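Take a look at the structure set out below.
Quantities reported herein were computed from a predicted structural model and do not represent experimental measurements.
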Amino acid sequence: MLKHDADYVFYELTRSICPRCRRVIDAQVLLRDNKVYMRKRCPACGPFEALVYGDAQAYVANGKYNKPGTIPLAYGTGVERGCPHDCGLCPDHQQHACLGIIEVNSVCNMDCPLCFSTAGPGFSLTLEEVEAMLDDFVRTEGTPEVIQFSGGEPTIHPQIIDFVKAAQARGIRFVMINTNGKRIARDDNFVEQLAEVKPAFYFQFDGFERTTSLRLRGEVEIVGERIRALDRLAAAGLHVTLVPAIERGVNDHELGRIVDFAVTHPAVRGINFQPAFHSGRHPGHDPMQRITIPDILRGVESQTAGRFVASDFIPVPCCFPTCNAVTYAFVDGDQVTPLPRIVNVYEYLDYITNRVVPDFSLEIRGALEGLWSSSSVAGSQKSLEQLSISCQACGLPDATTIGDLADHMLMIMVQDFMDPWTFNQKNLMKCCKEFLLPGGKQIPFCAYNVVGYREQARAQLEAMEPARRSARAEGRRFVPTPITFTFPDARP
């Protein structure tokens, strides 16, 4: 018999979890047929394999744009059990929180088949709780860049306007509300209140077809309501980032239509395409056929007739660079000019060779590095100031004021979150998007939704709800019990 080569390249060894029992186990990252796979074996549940990334060449190339992390001002936990069971953040974590998320409630006015938070009746935070969590965020970050109020559906929380004001009072630079838009489409008084405090919106928008709405959101007639909400926000001078969850075979053919809509709608400052990750409540799926970042980039290219191409998108180096890709474009009527076609952005992100283009100032380099960061949100003051600096050097049409520039800029990001099949401890340790909890803990997004943190936090937050209701009825201040976590010895 003759020896033969394997049909894959063993790229690296990392740590992951078992998709069934959540035990921490070794995992191999493999390159095969120009795709990236994760293979692992649980001693109790057997072997698993999943598609991680649809372009192995890009996966390997983008790794060199990893950059040094920024150390937070304070940690929430120590190192005891090891990653991923010490989240809080612990001193082993390799990045600060670019973006903080507070789930202000668990209830929702929809019942989506695809819902990572498994929304439903449970808890509703008080203003005192949210203020304490914001104070902890300021304690660890100094001046936090971005806070998102999420849920459930946060717009149906009776104090959501107070939450926005509380964040703004603490100097948080960009305050967002994650929403499905239902209340905005129906409640005139609420839109007036929003216009006064001017948050930005992370707006659920999966596409235009009835089958898309039914498969992902469990409803058929929601597109008209979504567009009505966007029109009302535009009339109030408010801005959104569209957030389409993209599932293979469901709405991946609608990418171009979503981009075209974003280019023309006055409320839209960005799109954040999110490959569907299968955690929480979700339909059945084949982990070997999941949609990945390169699939979406190729789809955008083919469906926009080259208005955007895959090479316009740059890895985001503040988290692990294969977790997202982003581009900015200058929009002037029908003319769309992606910024990377004017500036060789890779020259500014190359932290390995530390090359500097001689005809660009350090100020412009800093602006571009800031743009390609998870804390740079479409339409934010930070992103507009950086774009203004960049555009002066790029020769784009003159936008004399920050406001004028905002009317011409569009951000498109693709953000891939890990699920139990694709969970990679290396990526987790660089995560910069954190859930904030009572007691000061900050849990990385993918750990919170995959490892078991969400279930434990949800149970404790729900257990506090009778005391919250009692405090509200009696006009007392509610002091929550800090959230704590316990994990069995789940290592092989």
Subject >> Stepwise side chain to side chain donor-acceptor pair (under 3.5 Å) check, Ser124 with Glu465 >> reply: CA-CA 7 Å; Ser124 181; Glu465 193 61 19; 5.1 Å; no

**OP:** Under the side chain to side chain donor-acceptor pair (under 3.5 Å) rule, what do Glu462 and Ser106 come out as? Steps first, then yes or no, please.
**Re:** CA-CA 9 Å; Glu462 288 184 5; Ser106 61; 5.0 Å; no

I'd like to know if [X] and [Y] make a salt bridge, using a cut-off of under 4.0 Å between side-chain N and carboxylate O.
{"X": "Arg307", "Y": "Asp260", "result": "yes"}
{"X": "Arg232", "Y": "Asp188", "result": "yes"}
{"X": "Asp252", "Y": "Arg248", "result": "no"}
{"X": "Glu141", "Y": "Arg170", "result": "no"}
{"X": "Arg139", "Y": "Asp136", "result": "yes"}
{"X": "Glu225", "Y": "Arg186", "result": "yes"}

Atom pair [atom1]/[atom2] of [X] and [Y] - distance to nearest 0.5 Å:
{"X": "Met110", "Y": "Lys182", "atom1": "CE", "atom2": "NZ", "result": "5.0 Å"}
{"X": "Leu339", "Y": "Asp312", "atom1": "CG", "atom2": "CG", "result": "10.0 Å"}
{"X": "Thr322", "Y": "Asp55", "atom1": "OG1", "atom2": "CG", "result": "11.5 Å"}
{"X": "Gln425", "Y": "Lys430", "atom1": "CD", "atom2": "NZ", "result": "15.0 Å"}
{"X": "Gln159", "Y": "Asn105", "atom1": "CD", "atom2": "CG", "result": "11.5 Å"}
{"X": "Asp162", "Y": "Glu131", "atom1": "CG", "atom2": "CD", "result": "8.5 Å"}

Has the side chain of [X] got a donor or acceptor atom that lies under 3.5 Å from a matching backbone atom of [Y]?
{"X": "Gln95", "Y": "Gly69", "result": "no"}
{"X": "Lys198", "Y": "Ala195", "result": "yes"}
{"X": "Gln415", "Y": "Asn324", "result": "no"}
{"X": "Glu153", "Y": "Cys108", "result": "no"}
{"X": "Arg226", "Y": "Asn180", "result": "yes"}
{"X": "Arg341", "Y": "Ala329", "result": "no"}
{"X": "Lys426", "Y": "Phe320", "result": "no"}
{"X": "Gln94", "Y": "Asp92", "result": "yes"}
{"X": "Ser279", "Y": "Asn449", "result": "yes"}
{"X": "Lys433", "Y": "Cys98", "result": "no"}

Subject >> Residues that Phe417 engages under ring-ring contact (aromatic ring centres under 6.0 Å, His included), provided they are two or more places apart >> reply: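 So Phe417 forms a ring-ring contact (aromatic ring centres under 6.0 Å, His included) with Phe277, Phe445.
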
Original post:
By ring-ring contact (aromatic ring centres under 6.0 Å, His included), which residues pair with Phe308, not counting sequence neighbours?
Top reply: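 Expected list: none.
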
Is the shortest heavy-atom distance from the side chain of [X] to the side chain of [Y] under 4.5 Å?
{"X": "Val243", "Y": "Phe205", "result": "no"}
{"X": "Arg454", "Y": "Glu103", "result": "yes"}
{"X": "Arg173", "Y": "Thr143", "result": "yes"}
{"X": "Ile101", "Y": "Glu434", "result": "no"}
{"X": "Ile227", "Y": "Phe261", "result": "yes"}
{"X": "Glu192", "Y": "Asn189", "result": "yes"}
{"X": "Ile222", "Y": "Arg217", "result": "yes"}
{"X": "Arg269", "Y": "Met411", "result": "no"}

Search all heavy atoms of [X] against all heavy atoms of [Y] and return the closest pair with its distance.
{"X": "Thr77", "Y": "Cys87", "answer": "CG2-O, 3.6 Å"}
{"X": "Glu129", "Y": "Pro438", "answer": "OE2-CG, 4.3 Å"}
{"X": "Phe149", "Y": "Val130", "answer": "CE2-CG1, 3.8 Å"}
{"X": "Pro84", "Y": "Leu428", "answer": "CB-CD2, 3.6 Å"}

Subject >> For Phe423, the option from Met418, Arg22, Arg15, Met38 that meets side chain to side chain contact (heavy atoms under 4.5 Å, CB included) >> reply: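 Answer after filtering Met418, Arg22, Arg15, Met38: Met418.
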
Original post:
Only one of Thr292, Asp206, Asn251 clears side chain to side chain contact (heavy atoms under 4.5 Å, CB included) with Ile246; which?
Top reply: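 When Thr292, Asp206, Asn251 are each tested with Ile246, the side chain to side chain contact (heavy atoms under 4.5 Å, CB included) holds only for Asn251.
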
Subject >> Cation-pi geometry met for Arg257 and Phe208 (6.0 Å, 45°) >> reply: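 Flagged: Arg257 positioned over aromatic ring of Phe208.
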
**OP:** Would you please say whether a donor-acceptor pair under 3.5 Å links the side chains of His278 and Glu247?
**Re:**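 Present: a donor and an acceptor within the cut-off.
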
Original post:
Taking atom types as modelled, is there a side-chain donor on His93 or Asp86 under 3.5 Å from an acceptor on the other?
Top reply: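 Looking only at side-chain atoms, Asp86 and His93 do not form any donor-acceptor pair under 3.5 Å.
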
**OP:** Would you please indicate yes or no on a ring centroid separation below 6.0 angstrom for Phe163 and His157?
**Re:**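 Aromatic pair counts; centres sit under 6.0 Å.
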
Original post:
Hey, do the aromatic rings of Phe435 and Tyr448 have their centres closer than 6.0 Å?
Top reply: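 When the ring centroids of Phe435 and Tyr448 are compared, they turn out to be within the sub-6.0 Å range.
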
Subject >> Check against side-chain contact (heavy atoms from CB on, under 4.5 Å), Val414 and Ile271 >> reply: CA-CA 8 Å; Val414 187; Ile271 311 170; over 6 Å; no

**OP:** Before giving the answer on side-chain contact (heavy atoms from CB on, under 4.5 Å), spell out for Ile147 and Phe174 the whole-Å C-alpha distance, their side-chain angles and the decisive distance to 0.1 Å.
**Re:** CA-CA 6 Å; Ile147 189 72; Phe174 205 65; over 6 Å; no

Original post:
In chain order, what residues pass the side-chain contact (heavy atoms from CB on, under 4.5 Å) check against Gln456, with sequence neighbours excluded?
Top reply: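 Gln460, Phe485, Thr486, Phe487.
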
